[in-house]
K.L.:
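Have a look at this one before I ask anything.
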Amino acid sequence: MIGLIDCNNFYASCERVFNPKLEGKPIGILSNNDGCVIARSNELKPLVAMGMPAYQIPPHIQKKITLLSSNYELYGDMSQRVFDTVRHYTADIELYSIDEAFIHLNGFSHVLSHCQNLKAIVKRDTGIPVSIGIATTRTLAKLANHIAKKHPIHQGVYCFPTDQEEKITILKQFSVADIWGVGWRITQRLKELGIHTAWDLHQANLKQIRQSFSVVLERTILELRGMNCIELDDLHTAKKNIMTSRSFGHLTNDLFDIQEAIRVHASRGAEKLRKQKSVANAVLVFLKTNRFRPELVQYNPSIVVPLLSASDDSRLIIHAAQKGLRSIYKPGFLFMKSGVMLLDLKTKDNYCQSDLFTAETSATEKHKSEQLMKTMDDINQKMGKNTIHLGGIRQTAAWQIKRERLSQRYTTRWDELPFVK
DNA sequence: TGGGCACCT
DNA sequence: AGGTGCC
């Protein structure tokens, strides 16, 4: 059996752990740049649609709700606490996202009561409420989790029935849109084929689905039928691309500002690269103007800058990124967003494809580069992000993202610990 | 008016 | 390269 543990209204719940006054109140968490509502407490759900831009929320509603900037440092740390707790009781766990994990329950004799205990323990030890869905496949466990969340009678833990008649009854109650892997677009196309419910999809013709859609949707059907065929990539498998990008706090055409932002993105990308022990062969830089302002001239350039030889050295990656930026930047546009992608990644182990033109970088140079990068990473790990960085970064610069309603980083910063009277 | 991936065609 | 999915 497989269980899906999903934290309830995760970001809102994290905020409430440290600010209990928010309990029972309608609260929402905003995306980066305080843009859209990306998480809502149950009380907020009837008032504000998911993904709604904050500025579109009518003033009379704004008045009675609490909106907070997203505090990923807090949510990331709370996520670790939740899943460390889970792992202690259920060792075989696959982390899936910041607020979800699958657990393997084979070998447990009382699966339902084990999960009920687990839910209570997580709440007791971390303050975070979770729901658990149990079934034979990940796709069915996701559906079971919907039921656990929606119907209070199950008290947050629900096991998908094994009885065929009961299974049919339940699948008939779900729309295909509720199924993991079926989004808005595929829902529309299925509708045209007369496939509306999860049961309809369960009964659909495999060959036809594979032909008209994809092998992905075919696998979803098999999972509905009880055959396990969706594996998650291990969270430790190296990424094939690494992208770092952000919107600016304000539209800008200032090259100095944009250079600073690109430096931050390039260094952050290089850090991620080193963490997964890869090297990049090329760096892509892009700029975007604001597509929501059609009256402004649009310009969305990007350029790929090859590296002479594959590298994970922040200095080389920043240099390439700055070079790319200079070649695409034009002063006459108001830019909204910039970003850096690291491309053509290879594992670092034994990767020493040297180029023809620079006499192969000497072993001492390589060693020095590694020492320097390791020292920087260690310092930033120990003392906090950006303690040491290359080139100036003005923390209060206008290009920095807007986070006007940020709560404290209660669990990761000594100077932001919660205060107890 | 988010960011960061992956996979498929 | 573009579309779709996930959170």
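On a predicted model such as this, the values are computed, not experimentally measured, just so you know. The sequence lines fix the lettering, A, B, ..., with proteins before strands; numbering per chain opens at 1. Just so you know, these numbers use all the heavy atoms, side chains as well, and skip hydrogens, waters and symmetry mates.
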K.L.:
If we ignore angles and hydrogens, is there a donor and acceptor under 3.5 Å between the side chains of A:His389 and A:Ser314?
P.N.:
no

K.L.:
I want to confirm an ordering. Mapping A:Phe213 and A:Lys240 to their closest nucleotides on DNA chain B, which one lands closer to the 5' end?
P.N.:
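Nearer the 5' end of the strand: A:Lys240.
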
K.L.:
At 4.0 Å (heavy atoms only), tell me whether A:Ile242 reaches a base, stays on the sugar-phosphate, or touches nothing.
P.N.:
sugar-phosphate

K.L.:
Base, sugar-phosphate or nothing for A:Asn290? Non-hydrogen atoms, less than 4.0 Å.
P.N.:
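If one applies the 4.0 Å heavy-atom cut-off, A:Asn290 turns out to touch nothing in the nucleic acid.
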
K.L.:
Distance alone, cut at 3.5 Å: any donor-acceptor contact between the side chains of A:Asn71 and A:Ser407?
P.N.:
yes

K.L.:
Would you classify A:Thr244 as touching base, sugar-phosphate or nothing, given that sugar-phosphate means primed atoms plus P, OP1 and OP2, and contacts are heavy atoms under 4.0 Å?
P.N.:
sugar-phosphate

K.L.:
At 4.0 Å (heavy atoms only), tell me whether A:Arg246 reaches a base, stays on the sugar-phosphate, or touches nothing.
P.N.:
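Since only primed, P, OP1 and OP2 atoms lie under 4.0 Å of A:Arg246, the category is sugar-phosphate.
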
K.L.:
Base, sugar-phosphate alone, or nothing: which one does A:Gln56 contact when heavy atoms must sit under 4.0 Å apart?
P.N.:
nothing

K.L.:
Distance check needed: C:dC7 P versus A:Phe83 CZ, whole Å only.
P.N.:
13 Å

K.L.:
Find the distance A:Arg185:CZ to C:dC6:P and express it as a whole number of Å.
P.N.:
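Rounded to whole Å, this separation is 14 Å.
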
K.L.:
Give one of base, sugar-phosphate or nothing for A:Ile186, where a contact means two heavy atoms less than 4.0 Å apart.
P.N.:
sugar-phosphate

K.L.:
Give the first and the last nucleotide of DNA chain B, reading 5' to 3', that has any atom under 4.0 Å from a heavy atom of chain A.
P.N.:
B:dT1 to B:dT9

K.L.:
Taking only Watson-Crick and G-U wobble pairs with both distances under 3.5 Å, what dot-bracket line describes DNA chain C, where [ ] shows pairs that cross earlier ones and | shows pairs with another strand?
P.N.:
|||||||

K.L.:
Is a side-chain donor-acceptor pair under 3.5 Å present for A:Ser131 with A:Asn8?
P.N.:
yes

K.L.:
Using the ring of A:Phe286 (Phe, Tyr or Trp, six-membered ring only), decide whether A:Lys288 places NZ or CZ under 6.0 Å from its centre and within 45 degrees of its axis.
P.N.:
yes

K.L.:
Testing the 3.5 Å rule here: is there a donor-acceptor pair between the side chains of A:Asp77 and A:Thr411?
P.N.:
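Looking only at side-chain atoms, A:Thr411 and A:Asp77 do form a donor-acceptor pair, the distance falling under 3.5 Å.
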
K.L.:
Mind checking A:Lys272 for me? I need base, sugar-phosphate or nothing, with any heavy atom below 4.0 Å counting as a touch.
P.N.:
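Sugar-phosphate, no base atom in range.
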
K.L.:
For residues A:Glu15 and A:Tyr75, is any side-chain donor paired with an opposing acceptor at under 3.5 Å?
P.N.:
yes

K.L.:
How many Å lie between CG on A:Asp178 and P on C:dC6, as a whole number?
P.N.:
11 Å

K.L.:
Of A:Pro53 and A:Arg219, whose closest DNA chain B nucleotide lies nearer the 5' terminus?
P.N.:
A:Pro53

K.L.:
As an exercise, state the distance from NE2 of A:His114 to CD1 of A:Ile103, rounded to the nearest 0.5 Å.
P.N.:
5.5 Å

K.L.:
Taking atom types as modelled, find out whether A:Asn9 and A:Ser41 have a side-chain donor-acceptor pair closer than 3.5 angstrom.
P.N.:
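Per modelled atom types, A:Asn9 and A:Ser41 side chains form no pair under 3.5 Å.
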
K.L.:
Taking NZ, NE, NH1 and NH2 as the nitrogens, is one of them in A:Glu192 or A:Arg189 under 4.0 Å from a carboxylate oxygen of the other?
P.N.:
no

K.L.:
Rounded to whole angstrom units, what separation is found between the CG atom of A:Leu217 and the P atom of C:dT4?
P.N.:
14 Å

